[in-house]
Amino acid sequence: MTRLILASTSPTRQALLRNAGVPFEVMAPGVDEAAAKAALTTDGATPRDIADALAELKAVKIGRKTGALTLGCDQTLDLDGELLDKPGDEQALRTQLQRLRGRAHKLHSAAVLVEDGAPVWREVKTAKLTMRAFSGAFLDRYIHEAGLSVLGAVGGYHIEGVGLQLFEAVEGEHFTILGLPMLGLLEALRQRGVIAR
């Protein structure tokens, strides 16, 4: 079997791969994502393009270092063309959820496989999520129940948990919402001998 390195420390992505029976190792990419996002935004990149570029950047950095087949991933939140980031604290979380309340946004989940230091496969999948016009009392309760764990999530929610109560409509693959386009990735991994065909 071909060795696969996941250039991500995301527990959710690791669980998705593990649950699907994919053997992999984990290496932190050590990429300055904030600087990369700022440069890409200055260059006029869309949130979708930023997810794709960051996934490639992470995979290339580890792939060149190890020579192994490497998977880089990223997810961005697109609110009418504006890139929203992970909320850094409770106040930022509250402000972001108030902005998203009653509106639709997109999640772009990108994955790039790098072999011999160069991209050999990539996919960006998009999901559209519409938040309901929840009350202030619900928002207070949500923030209390969700806890600090959602500060590391791009939208300030985990849809597989209490965050599902924020939404009135969800369009797109569940795996895309969780941050990894799994079905296309599994086929690419089968073609490269990481998992059985």
Side-chain angles (χ1 to χ4, degrees), residues 1-29 31 33 36-37 39-41 43-79 81 83-86 104-129 152-155 157-160 170-197:
M1 288 287 189
T2 303
R3 177 187 184 206
L4 174 68
I5 295 177
L6 172 64
S8 170
T9 56
S10 161
T12 300
R13 291 190 182 103
Q14 291 176 41
L16 285 170
L17 291 172
R18 195 174 301 111
N19 291 343
V22 177
F24 65 96
E25 303 166 37
V26 174
M27 290 185 75
V31 167
E33 290 189 44
K37 282 180 188 175
L40 289 161
T41 301
D43 288 344
T46 65
R48 182 196 181 281
D49 293 340
I50 290 171
D52 185 47
L54 287 174
E56 179 176 332
L57 183 66
K58 295 170 189 177
V60 166
K61 183 166 184 185
I62 296 297
R64 286 188 177 156
K65 186 187 302 184
T66 63
L69 182 66
T70 304
L71 172 62
C73 316
D74 197 75
Q75 184 181 63
T76 56
L77 190 151
D78 179 345
L79 181 64
L83 178 71
L84 296 190
D85 225 326
K86 297 172 184 173
H105 64 271
K106 295 176 183 174
L107 291 177
H108 304 290
S109 291
V112 175
L113 281 173
V114 164
E115 203 165 32
D116 299 321
V120 293
W121 174 88
R122 67 188 337 118
E123 185 169 48
V124 182
K125 288 277 206 168
T126 299
K128 181 180 173 187
L129 298 89
V154 72
Y157 55 82
H158 293 137
I159 200 161
E160 65 275 28
V170 174
E171 302 168 44
E173 288 182 5
H174 185 64
F175 302 117
T176 300
I177 296 165
L178 295 182
L180 190 58
M182 284 294 291
L183 298 178
L185 174 61
L186 291 174
E187 179 56 28
L189 294 177
R190 280 190 287 269
Q191 290 176 5
R192 283 161 184 83
V194 176
I195 53 177
R197 288 188 67 80

CD (Glu173) and CG (Leu180) are apart, to the nearest 0.5 Å, by 10.5 Å
Rounded distance (nearest 0.5 Å) linking atom CD of Glu33 with atom OG1 of Thr76:
11.0 Å
What are the two closest non-hydrogen atoms of Pro29 and Lys61, and how far apart are they?
O-CD, 3.1 Å
Distance (rounded to the nearest 0.5 Å) between Asp78 CG and Thr126 OG1
8.0 Å
Can you check whether Met182 reaches Leu17 side chain to side chain, under 4.5 Å on heavy atoms?
yes
Rounded to the nearest 0.5 Å, what separates atom CG in Leu4 from atom CG in Leu185?
7.5 Å
For Glu25 and Met27, run side chain to side chain contact (heavy atoms under 4.5 Å, CB included): C-alpha distance rounded to whole Å, both residues' side-chain angles, the deciding distance at 0.1 Å, then the answer.
CA-CA 7 Å; Glu25 303 166 37; Met27 290 185 75; 5.7 Å; no
Considering non-hydrogen atoms only, spot the tightest contact between Leu129 and Ile177 and give its length.
CD2-CG2, 4.3 Å
Would you say NZ of Lys37 has more than 12 non-hydrogen atoms from neighbouring residues, nucleotides or ligands within 6.0 angstrom?
yes
Please find the pair of heavy atoms, one from Ile5 and one from Ala68, that lie closest to each other, and give the distance.
CD1-CB, 3.8 Å
Show me the side-chain donor-acceptor pairs of residues 109-120 shorter than 3.5 Å, one per line, residues at least two apart or across chains.
residue	atom	partner	partner atom	Å
Ser109	OG	Gln75	NE2	3.0
Ser109	OG	Thr176	O	2.5

Rounded to the nearest 0.5 Å, what separation is found between the CD1 atom of Ile62 and the CG atom of Leu57?
10.5 Å
Identify whether the distance between the nearest side-chain nitrogen and carboxylate oxygen of Asp74 and Lys58 falls below 4.0 Å.
yes
Looking only at non-hydrogen atoms, find the nearest pair between Ala36 and Leu54 and report the distance.
CB-CD2, 3.5 Å
For Val22 and Leu6: C-alpha separation, side-chain torsions, deciding distance, then whether side chain to side chain contact (heavy atoms under 4.5 Å, CB included) applies.
CA-CA 11 Å; Val22 177; Leu6 172 64; over 6 Å; no
Quick one: are Leu186 and Ile195 in side-chain contact, heavy atoms under 4.5 Å?
yes
Arg13 side chain vs Gly179 backbone, donor-acceptor pair below 3.5 Å
yes
Heavy atoms, side chains only, cut-off 4.5 Å: are Phe175 and Lys125 in contact?
no
Exam field: side chain Thr12 to backbone Leu178, donor-acceptor pair closer than 3.5 Å
no
Flag the pair Glu187 / Arg197 as yes when at least one side-chain heavy-atom distance between them is below 4.5 Å, and no otherwise.
yes
I need the minimum non-hydrogen distance between His108 and Val124, along with the two atoms involved.
CB-CG1, 4.2 Å
Who passes ring pair (Phe, Tyr, Trp, His ring centres under 6.0 Å) against His105, sequence neighbours left out?
Tyr157
Is the number of heavy atoms from other residues, nucleotides or ligands within 6.0 Å of CZ (Phe24) greater than 12?
yes
Which pair of non-hydrogen atoms, one from Gln14 and one from Ser8, has the smallest distance, and what is that distance?
NE2-O, 3.8 Å
Under the side-chain hydrogen bond (donor to acceptor under 3.5 Å, both in side chains) test, residues paired with Thr41 that sit two or more places apart:
none
